[in-house]
Amino acid sequence: MSLFGLGNRNQKTFRPKKSAPSGSKGAQLQKHIDATLGSGNLREAVKLPPGEDINEWLAVNTVDFFNQVNILFGTLTEFCTPNNCPTMTAGPKYEYRWADGVTIKKPIEVSAPKYVEYLMDWIESQLDDETIFPQKLGMFDILIKLVGHLAEFSGPLFANYMRRSCILINCCIAVGAPFPPNFRDVVKTIFKRLFRVYAHIYHSHFQKIVSLKEEAHLNTCFKHFVLFTWEFRLIDKAELAPLEDLVESIIQL
């Protein structure tokens with residue numbers, strides 16, 4: 001058994017970190033995120049910066065939260081297996097089935113790791129679709145820092161793990177490019193499904209997170225996630241039921 005599942009993690013489920021662009025509005029917004037997160041004020045970090053476009057803010061943060069969940073689940077791929085988690089659940093009352101409306105139109109029951117694999121593939125396809133998330137590949141030569149604000153909330157071993165697991169990606173949100181009319185709906189679906197990964201982790205793997213001494217990191221990432229989705233009303237309250245008490249405690253702090 002290797003620390004954080006480095007020895008035999010599922011390469012299909014754990015994927016390279018996607019990056020917000022530099023040399024563009026997206027890079028400016030990412031710098032704002034990093035700066036406000038560095039202050040430790042998560043409520044301030046999630047707010048739309050004055051004068052900025054709401055869709056650009058949602059786009060940059062969607063990439064950021066995708067990376068957070070990607071990295072968190074990457075620590076568990078050795079333990080979240082088809083044998084240990086034959087269905088994607090969040091406690092005894094909630095089970096999630098997968099459908100993307102395109103290749104899989106009827107919801108199917110799959111294991112938790114398979115669900116996350118499908119989910120991450122689907123989110124990447126949305127992020128890479130220029131008709132949804134406007135972008136221009138190769139617009140700039142990007143030098144992306146491999147570890148963002150997540151590292152400051154975690155120990156050195158986890159930070160080193162992130163450095164080894166991330167790569168640079170040429171992905172630029174085009175300045176002034178239009179967002180589609182259904183952009184917010186797509187973003188809401190992404191966040192709704194990312195929440196399900198958090199719900200599964202808390203219900204099925206929290207003790208493992210504790211044993212890895214990463215519960216503070218998990219809790220901080222989830223608090224950031226909840227405050228952002230609450231600020232912009234991205235997840236219906238009914239969807240939050242599996243972690244209702246935890247969500248309420250974060251919102252009321």
Side-chain angles (χ1 to χ4, degrees), residues 9-21 26 55-56 58-77 80-82 85-90 94-135 137 165-167 169-173 177 179-205 221-222 225-226 228-229 232-236 238-240 242-243:
R9 69 179 184 275
N10 183 337
Q11 295 292 342
K12 182 66 175 175
T13 302
F14 187 88
R15 61 208 61 225
K17 178 181 176 183
K18 296 190 80 68
S19 53
N55 285 337
E56 290 177 343
L58 290 175
V60 171
N61 277 278
T62 299
V63 175
D64 198 37
F65 285 109
F66 167 80
N67 285 330
Q68 289 187 29
V69 175
N70 174 37
I71 291 170
L72 282 168
F73 191 77
T75 68
L76 294 170
T77 52
C80 185
T81 65
C85 303
T87 56
M88 180 64 173
T89 60
Y94 302 96
E95 177 183 334
Y96 302 117
R97 299 190 175 191
W98 179 257
D100 58 18
V102 181
T103 58
I104 302 176
K105 296 184 178 181
K106 183 179 179 180
I108 59 174
E109 180 181 301
V110 294
S111 68
K114 189 63 176 179
Y115 184 98
V116 176
E117 178 185 325
Y118 278 136
L119 174 59
M120 295 303 183
D121 284 345
W122 177 79
I123 293 177
E124 281 197 311
S125 72
Q126 306 306 299
L127 297 178
D128 292 340
D129 188 339
E130 296 188 20
T131 68
I132 301 173
F133 285 81
Q135 56 186 273
L137 301 180
S165 300
C166 298
I167 67 169
I169 297 209
N170 247 355
C171 176
C172 297
I173 297 176
F179 289 86
N182 68 332
F183 177 71
R184 190 179 182 91
D185 291 335
V186 174
V187 169
K188 289 180 69 174
T189 302
I190 290 174
F191 277 93
K192 177 181 71 175
R193 290 175 171 177
L194 286 176
F195 170 82
R196 295 173 179 179
V197 181
Y198 275 115
H200 177 73
I201 290 174
Y202 272 106
H203 278 282
S204 300
H205 301 294
C221 288
F222 185 63
F225 180 90
V226 168
F228 185 82
T229 56
F232 299 101
R233 301 299 188 266
L234 297 176
I235 303 178
D236 293 339
E239 289 284 343
L240 301 173
L243 296 176

Reported [atom1]-to-[atom2] distance for the pair [X] and [Y], which is rounded to 0.5 angstrom:
X: R193; Y: L119; atom1: CZ; atom2: CG; answer: 7.0 Å
X: L127; Y: W122; atom1: CG; atom2: CH2; answer: 9.0 Å
X: L234; Y: F225; atom1: CG; atom2: CZ; answer: 8.5 Å
X: Y96; Y: K192; atom1: OH; atom2: NZ; answer: 10.0 Å
X: H203; Y: L243; atom1: NE2; atom2: CG; answer: 4.5 Å
X: N61; Y: N67; atom1: CG; atom2: CG; answer: 11.5 Å

Taking the side chain as everything from C-beta on, heavy atoms only, tell me whether [X] gets closer than 4.5 Å to [Y].
X: Q68; Y: L194; value: no
X: L58; Y: F228; value: yes
X: V226; Y: Y198; value: no

Closest non-hydrogen atom pair, [X] against [Y]:
X: D129; Y: T131; result: OD1-OG1, 2.6 Å
X: G74; Y: T77; result: O-OG1, 3.4 Å
X: H205; Y: L76; result: CB-CD1, 3.9 Å
X: F133; Y: Q126; result: CD1-O, 3.2 Å

Sidechain-backbone polar pair: D236 side chain, A238 backbone, donor-acceptor under 3.5 Å = no
Which is it for Y94 and H200 under the side chain to side chain contact (heavy atoms under 4.5 Å, CB included) test, yes or no, and what are the steps along the way?
-> CA-CA 9 Å; Y94 302 96; H200 177 73; over 6 Å; no
When the side chains of residues 179-191 are checked against the rest of the protein, which donor-acceptor pairs come out under 3.5 Å, sequence neighbours left out?
unit_1 : atom_1 : unit_2 : atom_2 : d
R184   : NH2    : F232   : O      : 2.3
T189   : OG1    : D185   : O      : 3.1

Worked verdict on M88 versus K114 for side chain to side chain contact (heavy atoms under 4.5 Å, CB included) | CA-CA 8 Å; M88 180 64 173; K114 189 63 176 179; over 6 Å; no
Can you name the residues that form a side chain to side chain contact (heavy atoms under 4.5 Å, CB included) with P82, not counting sequence neighbours?
->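 By the side chain to side chain contact (heavy atoms under 4.5 Å, CB included) rule, P82 matches S111, P113.
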Which residue pairs pass the salt bridge (Lys or Arg N to Asp or Glu O under 4.0 Å) test when at least one of the two sits in residues 101-111, sequence neighbours left out?
-> R97-E109
Kindly determine whether L240 and F195 satisfy side chain to side chain contact (heavy atoms under 4.5 Å, CB included), including the steps that lead there.
-> CA-CA 8 Å; L240 301 173; F195 170 82; 3.7 Å; yes
